[in-house]
Amino acid sequence: QRYAVRRAFPSEWVAAGSLRRGDWVAVPKRVELPQTPLSQEQLWAIGFWLAEGHYIRNPKRDMVGLGITNKNSERLRKWATIMRKWFPEDWTLVGQGSTRHPKHRRSFSVLDHRIRGAKREIYELRFKSRPAAEFFLTNFGNGSGKKKLSSEIYQTSGLLPLVAGFIDGDGTQRWNADRDVGLCTTSQSLVEQLRQILLDSGIWCTLQRCKRDVPHRTLYSLNIRSSYSHKILGCKVKPHTQRLRRVVIEEETAFFVPVKSVQESHYSGPVYNLEVAEDHSYVADGIAVHNCDDRVMAYLCTLEAYFRAG
């Protein structure tokens, strides 16, 4: 069953200490989510900005628009066209924010300049629109290491075009025999959300911390196997024609992944048990876990706490 896809795979809860190399663990998908109200173009524009974007501020440090730097000017103009349709008007606030006066001053400009030491031209796009800046600040955060999707957007389905936009902005496809696709970011929250979106779409990927970090920041990377690249449409990824073996088992609600190694570490400190009504399973670091049902262990912990208090 090792290379099977969408086959029956019986599963059961086991104690974490009983896991051994060769066992399989479940990496859940999210199901039955409401459909996102955003269009595919808007999702692509969001992903492209999450990869390469920043905010534009005026001399008073007020956010007045969005900016993006990229070496592909055509993708920048595509992003600007989408944004002009999405945010057709600019406005200014008057009198403590109680009145909004429309101003048809939305604009964008593409500037080309060469970064010192760069071999290629780097283009910068500036899209001036206060509504766009406020929408992005509210839903996607501020700062490369703090970017993430708001719960209103993340808790919806159909977000794969957002990942395609991120790949167009800062993704790479390795030109080796595997042709895997990789993307990097300094935001741990964002990379975990992107991974879950890919899993929800039936695309297996692995998350790891890069060995070489950028100064004062940790860099995280996602690796997408090329055998799934044909599912990512509308971006620069070229599907790999060679059929590759998949070392995961996919079901409707989860991927099953083999355990490569098991490490034990000593821990001394409090242990917490989380409980909610009618459900005792959770997702921890992408793995499905369950509360401990060992009544003897629960009794011993309660007895130990009693003697410590007494």
Side-chain angles (χ1 to χ4, degrees), residues 1-7 21-22 24-30 40 43-44 46-52 70-72 75 119-120 144 147-149 158-214 217-251 254-261 283 285-287:
Q1 290 186 349
R2 185 174 183 184
Y3 301 107
V5 178
R6 292 189 179 277
R7 289 176 56 179
R21 181 179 179 182
W24 296 70
V25 293
V27 180
K29 303 178 185 178
R30 300 179 302 167
Q40 292 190 5
L43 291 171
W44 182 90
I46 291 172
F48 193 70
W49 183 88
L50 287 172
E52 300 280 51
N70 194 270
K71 62 184 179 182
N72 191 305
R75 294 196 188 103
K119 297 181 180 179
R120 297 182 179 181
S144 59
K147 289 180 178 178
K148 65 177 183 178
L149 305 179
L159 300 179
L160 189 57
L162 187 150
V163 182
F166 195 99
I167 293 174
D168 273 344
D170 201 22
T172 57
Q173 186 169 19
R174 298 175 181 86
W175 295 105
N176 53 16
D178 294 335
R179 303 288 178 89
D180 290 348
V181 179
L183 54 90
C184 296
T185 177
T186 57
S187 172
Q188 183 177 359
S189 298
L190 178 60
V191 75
E192 290 174 350
Q193 290 177 332
L194 295 177
R195 184 188 187 224
Q196 189 61 56
I197 292 171
L198 288 167
L199 295 176
D200 297 342
S201 305
I203 300 174
W204 174 249
C205 57
T206 56
L207 170 61
Q208 63 181 358
R209 174 178 171 177
C210 296
K211 295 181 179 179
R212 295 184 178 180
D213 295 338
V214 296
R217 296 178 184 177
T218 302
L219 191 62
Y220 303 92
S221 67
L222 273 180
N223 186 72
I224 305 170
R225 295 296 300 269
S226 59
S227 50
Y228 293 94
S229 60
H230 65 281
K231 293 187 176 183
I232 307 176
L233 304 176
C235 65
K236 62 184 180 183
V237 172
K238 296 182 179 180
H240 194 28
T241 56
Q242 181 180 358
R243 184 183 179 91
L244 300 178
R245 295 186 301 178
R246 299 176 178 176
V247 293
V248 295
I249 293 178
E250 182 182 3
E251 290 190 349
F255 285 93
F256 282 87
V257 191
V259 176
K260 293 185 177 180
S261 63
V283 177
D285 286 341
I287 305 298

Practice task
Could you walk me through whether L198 and L160 pass side chain to side chain contact (heavy atoms under 4.5 Å, CB included), step by step?
Solution key: CA-CA 7 Å; L198 288 167; L160 189 57; 3.8 Å; yes
Exercise for the section: Salt-bridge test for E192 and K148: reply yes if a basic N is under 4.0 Å from a carboxylate O, no otherwise. Expected result: no
Practice task
For residues G171 and K236, report the shortest heavy-atom separation together with the two atoms involved.
Solution key: O-NZ, 2.8 Å
Problem - Nearest-0.5 Å distance, OG of residue S144 to CD of residue E52 - result: 11.0 Å
Handout entry: Separation between OH of Y220 and SG of C210, rounded to the nearest 0.5 Å
Key = 10.0 Å
Handout entry: Nearest atoms (heavy-atom pairs only) where D168 meets N70
Key = O-ND2, 4.2 Å
Completion exercise
One should read off an interatomic distance between D180 CG and N223 CG, to the nearest 0.5 angstrom, of 4.5 Å
Practice task
Using modelled atom types only, decide if a donor and an acceptor are shared between the side chain of T185 and the backbone of S187 within a distance under 3.5 Å.
Solution key: yes
Practice task
Measure the CZ-CG distance between F166 and L190 for me, rounded to the nearest 0.5 Å.
Solution key: 5.5 Å
Practice task
Give, for atom OH of Y228 and atom SG of C205, the distance between the pair rounded to the nearest 0.5 Å.
Solution key: 10.0 Å
Handout entry: The single option from L222, L50, L149, L159 passing side-chain contact (heavy atoms from CB on, under 4.5 Å) against L194
Key = L222
Problem - side chain to side chain contact (heavy atoms under 4.5 Å, CB included) between I224 and I232, intermediate numbers included - result: CA-CA 10 Å; I224 305 170; I232 307 176; 3.9 Å; yes
Exercise for the section: Side-chain contact test, heavy atoms from C-beta onward, threshold under 4.5 Å: evaluate it for S221 versus Q208 and give yes or no. Expected result: yes
Problem - Backbone N/O of K238 and side chain of Q173: donor-acceptor pair under 3.5 Å - result: yes
Handout entry: Euclidean distance, K147 NZ relative to W49 CH2, rounded to 0.5 Å
Key = 4.5 Å
Problem - Polar side-chain atom of K231 near backbone of G202 as donor-acceptor pair, under 3.5 Å - result: yes
Handout entry: R21 side chain vs K260 backbone, donor-acceptor pair below 3.5 Å
Key = yes
Practice task
Indicate the ring-plane relationship of W204 and F255, choosing parallel, tilted or perpendicular according to the 30° and 60° boundaries.
Solution key: tilted
Problem - Closest non-hydrogen atom pair, I167 against C235 - result: CG2-SG, 4.4 Å
Problem - Heavy-atom check, side chain of I197 versus side chain of R30, under 4.5 Å - result: yes
Practice task
Determine, stepwise, if the pair R209 / T218 fulfils side chain to side chain contact (heavy atoms under 4.5 Å, CB included).
Solution key: CA-CA 7 Å; R209 174 178 171 177; T218 302; 3.3 Å; yes
Problem - Contact summary for A26 and A254, nearest pair of heavy atoms - result: CB-CB, 4.5 Å
Completion exercise
Correct closest heavy-atom pair for P161 and Q40 would be CB-O, 3.8 Å
Problem - D170 side-chain N/O to L183 backbone N/O, donor-acceptor pair under 3.5 Å - result: no
